[in-house]
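Data first, discussion second: the structure below is written as C-alpha cells.
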Amino acid sequence: MEKSNGQRVILFPLPLQGCINPMLQLAMILHSRGFSITVIHTRFNPPKPSSHPLFTFLQIPDGLSEAETRTHDVTLLLTRLNRSCKSPFRDCLTKLLQSETAEGKQRISCLIHDAQWIFTQSLAHSLNLPRLVLNTYKVSFFHGHFVLPHLRRQRLPPLQGPITNSEQDDPVEEFPPLRKKDLSQILDEETELLDSYSDKILETTKTSSGLIFVSSCEELDQDSLSQARQDFKVPIYAIGPSHNYFPGSSSSLFTPDSTCIQWLDKQEDRSVIYVSFGSLANMSRSELIEIAWGLSNSDQPFLLVVRVGSVKDAEWIETIPEELMERIKEKGKIVKWAPQQEVLKHRAVGGFLTHNGWNSTVESVCEGVPMICLPFVWDQLLNARFVSDVWMVGIHLEGRIERNVIERAVRRLLLEPEGEVIRGRMKLLMEKVRRSVKQNGSAYRSLEQLVDRLSSF
Ligand code: UDX
C-alpha cells in the first residue's frame, strides 16, 4: 500500500451481493492509493469487517423487519431502505464530519455511494461534502434504462399493444440491442414505483461530482460511454473489472463451499459446465428440475449452485426426485454457494450457464469462459443480448426452461465446433478487457483520473 495521503473516503454500498462486491473492490483500490476507508452499511446484509481489517466499518439501523428483508420484490426493498436509512445515515455522516474537525488529523474528502441510494443529494450538499455515484450495472443499461419510464408515459412504440409473434425478435431502436420480446419482459416488472425511483436515480446522478462505473470499460461499453458523457454532464470514470486489480478478493455475503474446487481438480480440462444464477434470482421447483435433467442428460460434468431459498416453495433441493438425484451423483455436484471467481479461473471449467448479472458476465469474460445465457429479469436481458448477439461469446436460451434445450446448449458449447468458434471469440474479448486494466489501458487511465479527482477535493 502507498503511504496514507491524509484523506478519508466514505463509502456507502447498497446491501445486495452484486453491489457490495464492486464497492469493496473500489475500496481496496483506493486504499492501495493511500486513501483511508470508512464503510457505512446497513444492519441487513452487512459486509464482513474481518475480511477487511484495514477499513473502518460503521453500521446504521435500517428499520427493516425480518419479513421485509425476505421480500423478492427488490424495488420495494430498495424503496423501504431509502426511506428508513435516510435519518440514521445523516446522523452517522454528521458525527463523522464533526469528529474530523475535532481531531483535525484526517480530512474526509468525499462520499461515494451506490447509485440506488437516492436521498444523498441534499444531505451531502448541506454538509458541503463532494459526492460521487458508483454504478454496478453495465453502462449501456444504466444510461438506457431511463428511457423506459419515458416510453411508457408517452405510449410510444414498441409499447402499443401486445407484441405479435412475428415482431418478437425485432430490435428495439430506442434501446439496442434489446429485442421487443426482451423489452416486454422488462416492462412486465415496471411499476409506477420503479418509474419514480428511476427519475430520482437520474437526478441524484446528474447533480453529483462524478459517476464511477466499476466492471465497465471502453472495450465493453464504448458507444454508451460517449453518450453517457454527453447526457449526464458529469465526469465519468469507467475503471474496468475491479476484481482484476485484486484477484481472488470477494466480499461474499454467503459462505462459499470450497469442496467444489477439489471436485473440479478431478475433472478434465474444459469439460465442466458451471451453473449459477447469482444472489437474487428465483426459480420454480419445476424449473430447477428441468435444469437438473438437462445438465444430467448432456452427459457432461456440471457444478450447480442452488442458493438456499432460491427455489420457490422449497427449502433447498429436497424436491428433486430420487431418480434424478442418482443421475446427478454420477456427473454433477450441487453446492449452496461457490467461490465463483476461483471456479471460473479453474482449468476444468469450459462454460458458464448464467443469469447474466453484470458481475457474473464480466467475471466470465475476464476468465475467457463462454456462456449459456438464461437471463431472468431487468439488466440481465440486456447483458445477455450483448453476450450472444454483439460479442457473440455465448448461446442464448429463448423461451421456457426445458431440459432438452439445456442439454442441447451444453453439448453445442462444450463438444461441437460451434463451441470452439465461440471460445476463440471469447479469448480475444478477454485479452482486450484484461489489457484495459494494465498500465496505459483505458480503464487504468480512467482510474488514475479518478484518484486525481478524489485527491483534489
Ligand atoms: C444483482 C442483479 O441481479 C444483477 O442483474 C445486476 O447486474 C447486479 O446486481 P446478482 O444477481 O447477485 O446481482 O448477480 P451478479 O451481478 O452476477 O453478482 C453476483 C456476485 O456473486 C458475483 O460477484 C459472483 O462472483 C458472486 N457469486 C455468485 C459467488 O461468489 N458465488 C456464487 O455461488 C454465485
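Order of appearance sets the numbers: ligands from 1, and atoms from 1 within every ligand. Note that the numbering runs from 1 along the sequence shown for the chain.
For ligand 1, the polar-atom distance check against S360 finds a nitrogen or oxygen pair separated by under 3.5 Å. At a 3.5 angstrom cut-off on N or O pairs, Q17 does not count as close to ligand 1. When only interatomic distances are considered, the shortest N/O to N/O separation between N21 and ligand 1 falls below 3.5 Å. Residue contacts with ligand 1: Y137 is placed with no nitrogen or oxygen under 3.5 Å of a nitrogen or oxygen of the ligand (distance criterion only). Here's the thing with N383: none of its N/O atoms is less than 3.5 angstrom from an N/O atom of ligand 1.
Between E68 and R83 there is no salt bridge, since none of the side-chain N atoms of the basic residue sits less than 4.0 Å from a carboxylate O of the acidic one. A salt bridge is absent between D379 and K138; no separation between the charged side-chain nitrogens and carboxylate oxygens falls under 4.0 Å. With salt bridges taken as basic N to acidic carboxylate O contacts below 4.0 Å, none links K432 and E219. Remark: D257 does not engage K336 in a salt bridge, criterion side-chain N to carboxylate O under 4.0 Å. A salt bridge links E398 to K181: one of the charged nitrogens lies within less than 4.0 Å of a carboxylate oxygen.
Within the 4.0 Å heavy-atom criterion, neither part of F376 lies near ligand 1. Residue S279 touches ligand 1 through backbone and side chain together, judged by heavy-atom distances below 4.0 Å. Both the backbone and the side chain of N359 come within 4.0 Å of ligand 1, counting heavy atoms alone. By the criterion of a heavy-atom distance under 4.0 Å, neither the backbone nor the side chain of R307 is placed next to ligand 1. With a heavy-atom cut-off of 4.0 Å, K138 does not touch ligand 1 at all.
Here the rule is side chain to side chain contact (heavy atoms under 4.5 Å, CB included) with R131, and of T207, I112, I10 only T207 fits it.
Side-chain polar atoms of H143 and S224 form no donor-acceptor pair below 3.5 angstrom.
Each of the following atoms of ligand 1 lies closer than 4.0 Å to a heavy atom of V305: 33 (O).
In this structure, I273 CD1 and K331 NZ are separated by 13.5 Å, a value rounded to the nearest 0.5 Å.
The residue from A338, P256, S276 that puts a heavy atom closest to atom 30 (O) of ligand 1 is A338.
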